[in-house]
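In what follows, a single structure is set out as structure tokens and then discussed.
Both counts, for ligands and for their atoms, begin at 1 and track the order of listing. Keep in mind the model is a prediction, meaning the values are calculated, not measured.
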Amino acid sequence: MNKKTHSDELLVIKVRHPALHFLTSLLMTTPLSKFKSDTTESTVDVDHRLWMQAALHGYEDKRGGVETTFGDFEEAKKTAAAIKWEAIENLGTLLESFSDKLESRGTKVCWASNGKEAVDYILQVCRDHGTQKIIKSKCMTTEEIHLNPALQAEGMEVVESDLGEFIVQLREEEPFHFVFPAMHLKRDKISAIFEEKLGTEPSSDPEELTMIARNLMRRKYCEADIGISGANFGVADTGMISITENEGNARLTTSLPKVHIAVMGIEKVIPNMEDLSVLLPLLGTAGAGQWMTAYNSMIGGPRQPGEVDGPEEFHVVLVDNHRTRLLADPEQRDALRCIRCGACLNVCPIFKNIGGHSYGTTYQGPIGSVITPHLRGLQSYKHLSYSSSLCGACTDTCPVKIDLHHHLLRNRRDAVREKGGRMERFCFRQFAQVMSHPKLYRGSEGLMRLGAKLWSPLEGKKADPLKAWTSTRTLPSPAPKSFHRQWREQRGGDS
Ligand code: SF4
């Protein structure tokens, strides 16, 4: 056993046995300590940051071009926000209608109140069919409930069919961006992982690399016992799921295997089929700068008598997993309107610098920072609300008008209300007193200068009480004369 001190003073014990190592890392590492060490590591790689920023900028540019094809893009955003607002305000009724319609055509619907219930249900379906091989299309809800490890633990092979997901699966990594899971990888890295895991020749040709994955995938579709997908929307009035994608892999995943399981968060339900005429183009445009995503499928049940294709069995798993906790919060429930377009990540100055893995969450970027404290616990993930410049670019870009940056402030407020540090409260109370009493404020100027003088020899040293802040920044010294004093002097004493 080796011992070392972690950067934020937490003791991390490296244990050779993997199970013990996993256990101790769970015990000793907090989401905050991991976030600090991961961001420290990711931000020093300036080349990678610049490359990532250029890629994200590319999506923004494309979006700018496509926005003009909407008659009135702002009006489309307002309409989309209103549709999702209606959906969230009537969630219970819409979900019942959605489920009833699905069941009337032979779909089995599972209402899972948490991740475990969803995973248990899916495992049971797989066991009932003696499943050995599963093909999956992209579904962030399954990432959220950790479905793949549970299936693999039972000896089943799970293959991601979305190219980006497939690449990060081979690298045993989490998706970097919930729309573009492998956007952090250049061709050489993709070629290297294919070479290592699939035994292919090195290549820097994107088409060749895509063909390697495609050839392998074709066999996997035919061999799979079960196909698992997500759903971008659930349409209540027709009882259908809508899946939107660019590679055609979801279409094959949902139609070739004999059993199809769709996993979706309960907030994905929308009232009517016509709503898709606004939401689908907005989803494609906002995040990826496409007029529409290339393939759009509607699935309303298993294969019906007389139909020649489609799965024999269709299951829809409706996942709550603390979404109702967010629904119960009238101030922040609009976060459930999110259509997972990824636009807020693309414009976020924090995401552009720390990248997706540093968040340590299923959903990265501003929306991830807003909802993760609700989904996983406010105190454990409150630090994400502080990882923001509060510039509001996320709110401006959001196609369903979620008030993202104010929600970050609300999370900060709630975290302090729930378990505020006494010292923090004391400091802010004193600050408020000083700022609201001019005489006190003026008197404090001298004290501040004296404090700065006493502190300056300590700057950056071990005994520096502000070391966490000053290790990467220079604390500005107070001006020799305050603005107020200069003003008074210039005006001959008239303040
Ligand atoms: S919060 Fe808005 S911008 Fe961000 S992913 Fe969701 S819909 Fe897109």
Side-chain angles (χ1 to χ4, degrees), residues 56-57 59-60 62-64 66-67 70 73-74 76-88 138-141 143-144 164 175-181 183 230-233 242 244 264-270 275-276 278-290 292-293 323 326-327 329 331-352 356 359 361-375 384-385 387-411:
L56 292 168
H57 208 263
Y59 300 128
E60 272 187 79
K62 273 171 75 187
R63 170 181 164 149
V66 179
E67 270 183 24
F70 282 74
F73 194 66
E74 268 313 305
K77 281 168 67 177
K78 276 189 203 156
T79 310
I83 291 168
K84 286 294 289 184
W85 179 86
E86 190 192 339
I88 299 306
K138 191 163 170 297
C139 172
M140 292 312 292
T141 317
E143 302 278 347
E144 178 190 327
F176 186 83
H177 180 300
F178 60 71
V179 177
F180 313 111
M183 66 156 292
N232 293 92
F233 301 102
S242 156
T244 180
M264 58 182 271
I266 52 172
E267 81 285 11
K268 296 282 178 78
V269 77
I270 53 167
D275 298 334
L276 290 177
V278 179
L279 293 170
L280 287 177
L282 262 188
L283 177 56
T285 302
Q290 287 178 283
M292 273 282 274
T293 316
R323 285 161 173 80
L326 186 50
L327 183 68
D329 180 346
E331 214 179 20
Q332 296 209 51
R333 73 164 61 129
D334 71 341
L336 289 171
R337 295 206 296 243
C338 176
I339 55 172
R340 306 279 188 265
C341 70
C344 56
L345 282 68
N346 300 351
V347 298
C348 175
I350 306 301
F351 184 90
K352 282 179 185 173
Y359 286 83
T361 56
T362 309
Y363 307 103
Q364 313 84 7
I367 185 64
S369 300
V370 168
I371 63 173
T372 307
H374 291 269
L375 302 181
L384 296 178
S385 312
S387 330
S388 169
S389 62
L390 297 178
C391 63
C394 49
T395 305
D396 284 348
T397 203
C398 179
V400 284
K401 301 182 90 59
I402 300 173
D403 191 9
L404 288 156
H405 68 297
H406 284 111
H407 286 326
L408 293 173
L409 284 173
R410 289 174 189 126
N411 278 352

- Message: Could you enumerate the protein N, O or S atoms under 2.8 Å from atom 6 (Fe) of ligand 1, written like residue then atom name?
- Response: C338 SG

- Which atoms of ligand 1 sit under 4.0 Å from any heavy atom of F178? 5 (S)

- Is the backbone of T244 close enough, under 3.5 Å, to the side chain of T293 for a donor and an acceptor to pair up by distance? no

- For ligand 1, note which part of L404 has a heavy atom under 4.0 Å away: side chain, backbone, both or neither. side chain

- Y363, portion touching ligand 1 at heavy-atom distance under 4.0 Å: neither

- Can any side-chain N or O of R63 pair as donor or acceptor with the backbone N or O of G287 at less than 3.5 Å? no

- Salt bridge check: are E143 and R340 linked by an N-O gap of less than 4.0 Å? no

- Task: For R323, check salt bridge (charged side-chain N to carboxylate O under 4.0 Å, His left out) against everything at least two apart and list the hits.
- Result: E144, E267

- Do the charged groups of E74 and K78 touch, with an N to O distance under 4.0 Å? no

- The salt bridge (charged side-chain N to carboxylate O under 4.0 Å, His left out) partners of D275 (sequence neighbours excluded) come to none

- Message: Restricting to ring pair (Phe, Tyr, Trp, His ring centres under 6.0 Å), what partner residues turn up for F73, sequence neighbours left out?
- Response: F70

